[in-house]
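The structure under discussion appears below in the form of structure tokens.
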Protein chains: 2
Amino acid sequence: MNSSAGSKRVTLAQVAEQAGVSVMTASYTYNQPDRVSEQARSKVLAAASQLGYAGPDPSARSLRRGSTRTLGVVMGEHLSYAFEDPEAVSFLAGIADVCADRGYGMTILPITGAADDVPRITAAAVDGFIVWTTSDDDPVLAAVRAMKRPAVVHGGPAVRGMELVSIDNRAAARAVGAVAFAGAGRPAVVSFPLSRARISTITSGGDITEVLFPVTRERLEGYRQAAEGAGIAWRDVVIAVCARNDAAEAERVAATLLASAEPPDAIAAMSDQQAAGVVHAARAAGRAIPDDLAVTGWDDAAVAERLGLTTVAQSLREQGAACAHAALGEKPNAQTASWSIVRRGSTRQ
Amino acid sequence: MNSSAGSKRVTLAQVAEQAGVSVMTASYTYNQPDRVSEQARSKVLAAASQLGYAGPDPSARSLRRGSTRTLGVVMGEHLSYAFEDPEAVSFLAGIADVCADRGYGMTILPITGAADDVPRITAAAVDGFIVWTTSDDDPVLAAVRAMKRPAVVHGGPAVRGMELVSIDNRAAARAVGAVAFAGAGRPAVVSFPLSRARISTITSGGDITEVLFPVTRERLEGYRQAAEGAGIAWRDVVIAVCARNDAAEAERVAATLLASAEPPDAIAAMSDQQAAGVVHAARAAGRAIPDDLAVTGWDDAAVAERLGLTTVAQSLREQGAACAHAALGEKPNAQTASWSIVRRGSTRQ
DNA sequence: CTGTTAGCGCTTTCAG
DNA sequence: CTGAAAGCGCTAACAG
């Protein structure tokens, strides 16, 4: 098991020669050991370890086989955000479960939101793509589709030729919104960004159809229906748009809302992180939950249980696994994932 | 921009023919656009979009260039644990930062702890490897080294021919142990596993040299020195070994310790997660912190600040970035990362 | 069980 | 600025 350190790459042909067999016998030794006699196999392995051959070159093998045994995951602008969002991390874990089981690798594709995203997609040596929820106008979608490999979008948008794995965000928002807004007079929504520009604003119920993130759009639509079901006009519902999905920004914006002349008495957020920020702002402002302010989150993360948040439960991990199956070409039918409302003490119902 | 959906893969040669240029002109159009006339380039791009050619095949390109522009990350047994440990996630984010900047992908390699790990390493189409802290006897290390590509281990063990990025765990443990054990009579340690078998046990200060995880070994050695510095023999220090790094198991084991005839009055843990579990157990047992029980964590995670834990601060994100640089072959100097003690209310000093 | 042939799709020479 | 040749390292397909 020695090797001249730093040596040039050893090839299968050299191993075969050293072992005194044909290249194919050497190849079979690695790929179909059963087809090779015990004797030949041990000669090949001896030659390999003598030469310091670690096994067939992965790139050459991929080229020849036409398959890389790797799945590509596009996590959206700023790759490192992916690892800051606990739900995104659960989703990755679900993909990892399936990949580990199949012996596949998973390549995280570094998307920056800039123009060079497309060449990066194009350059990815993967057998299939999984795209984390994005906007209708994201050029990454066309780039992925152009690769002509199995592809799946999580959340949305729905793209022809790509699978979609998602819950029914509108129905879930309608359901949790109904709980959040029950008995409220001035409901508000803390929202994810409306476009890839990620601008923070506070508006009143605007034109939902203009929202470019389909997941956000569907949830707003569900909240709208919930508000109207509670007898409140959508134009009277304050929408606080946060640039990012984190507790800190939500806390700031909630503090602003609560300090206004007509503070909200119910806030439906789009994540438990955001809802946690709202809860902190409410405490700081001396508001009682749920009597002065009802709050709902989304995802049923650990923090939701800790804070007693009413929320929408869904399994990002299972959805990640479903996406992996789709990207492997194993799932023929579209996946509608399940969700449920978890009622806790942060709402009046 | 049309294409017969589901068509066979289009090659660069076909594009070149369609454009009426040589294959090399087409290739240059993608790789060195400056070397191609405006006219030729637009003919090539027109032909490409007409044929639905998405760009050079990544596998073929990797084979020819001898480089995949991808880094491999080995996260240790059970890939999905990687995503459950917030510090591991920070580490990944640090790698992601560098990869995104360089236009590299990062492939997470699915390690299961079983025998098929080695072939999976061998099959990885990557330019360099980053190995998350593991045990001395992990066969993955030899497999990575056999690949003869730039490789770096985070934490440990130190392996000849591979870089090491780590803090000085022994010194840090000695320092935080000194704070934890100050004024204590019966110190205890809540430890990570001692071997890859991941067995939970409660013992008293045993033979540290037998511990197979070097990070754990170094920390135990530091705690030993701290205990002896406080006048306590190592054999009198209770070591509670947890199979996994989570709050729940630490809480259970701490509850057991606190219910014993001679309960500890100081517990040094190996992570903030574990320390959080200890704090919960102490509260449940009606112990005051730090008067009845001093507690220290490790990593200075968010939970450490929330609970007021004295802990060891280190930046896994920076260490991830340092590993990425090393795996890219950019490493100027061996990396010894920095750490510091953060004193909060969970200790007597 | 073993071997021969024929490329996978691309880009590095090296010449125009 | 453009092109012809050569072959990266490997394995599917088909003989023996």
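Reminder, nothing fancy here: chain letters follow the sequence lines and each chain counts from 1.
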How close or far is atom [atom2] of [N] from atom [atom1] of [X], stated in whole angstroms?
| X | N | atom1 | atom2 | result |
| --- | --- | --- | --- | --- |
| B/Met24 | C/dG16 | CE | P | 17 Å |
| A/Arg61 | C/dC8 | CZ | P | 20 Å |
| B/Leu12 | C/dG7 | CG | C1' | 17 Å |
| A/Leu63 | D/dC8 | CG | C1' | 9 Å |
| A/Gln39 | C/dC1 | CD | P | 12 Å |
| A/Asn31 | D/dA12 | CG | P | 7 Å |

Checklist entry - Mapping A/Glu38 and B/Gln32 onto DNA chain C by nearest heavy atom, which one lands closer to the 5' end? => result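 Nearest-nucleotide comparison on DNA chain C picks A/Glu38.
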From [X] atom [atom1] to [Y] atom [atom2], the distance as rounded to the nearest 0.5 Å:
| X | Y | atom1 | atom2 | value |
| --- | --- | --- | --- | --- |
| B/Glu87 | B/Gln319 | CD | CD | 9.5 Å |
| A/His154 | A/Ile130 | NE2 | CD1 | 10.5 Å |
| A/Ser195 | A/Asp136 | OG | CG | 11.5 Å |

Checklist entry - Which atom pair, heavy atoms only, marks the closest approach of A/Ala48 to A/Tyr30? => result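 For A/Ala48 versus A/Tyr30, the nearest heavy atoms are CB-OH, 3.3 Å.
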Checklist entry - Just by modelled atom types, is the A/Met162 backbone N or O under 3.5 Å from a matching donor or acceptor in the A/Arg145 side chain? => result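 The answer is no, because no donor-acceptor pair under 3.5 Å joins these two groups.
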Of the listed nucleotides [options], the one nearest the side chain of [X]:
| X | options | answer |
| --- | --- | --- |
| B/Val23 | C/dG9, C/dT12, C/dT11 | C/dT11 |
| B/Tyr28 | C/dC14, D/dT11, D/dC8 | C/dC14 |
| A/Ser22 | D/dG3, C/dC8, C/dG3 | C/dG3 |
| B/Val36 | D/dT2, C/dT12, D/dA13 | D/dT2 |
| B/Arg65 | C/dG9, C/dT11, D/dC10 | C/dT11 |

Taking only the side-chain nitrogens and oxygens of [X], find out if one of them lies under 4.0 Å from OP1 or OP2 of [N].
| X | N | value |
| --- | --- | --- |
| A/Arg35 | C/dC1 | no |
| A/Thr25 | C/dT2 | no |
| B/Arg64 | C/dG9 | no |
| A/Ser37 | C/dT2 | yes |
| B/Tyr53 | C/dG9 | no |

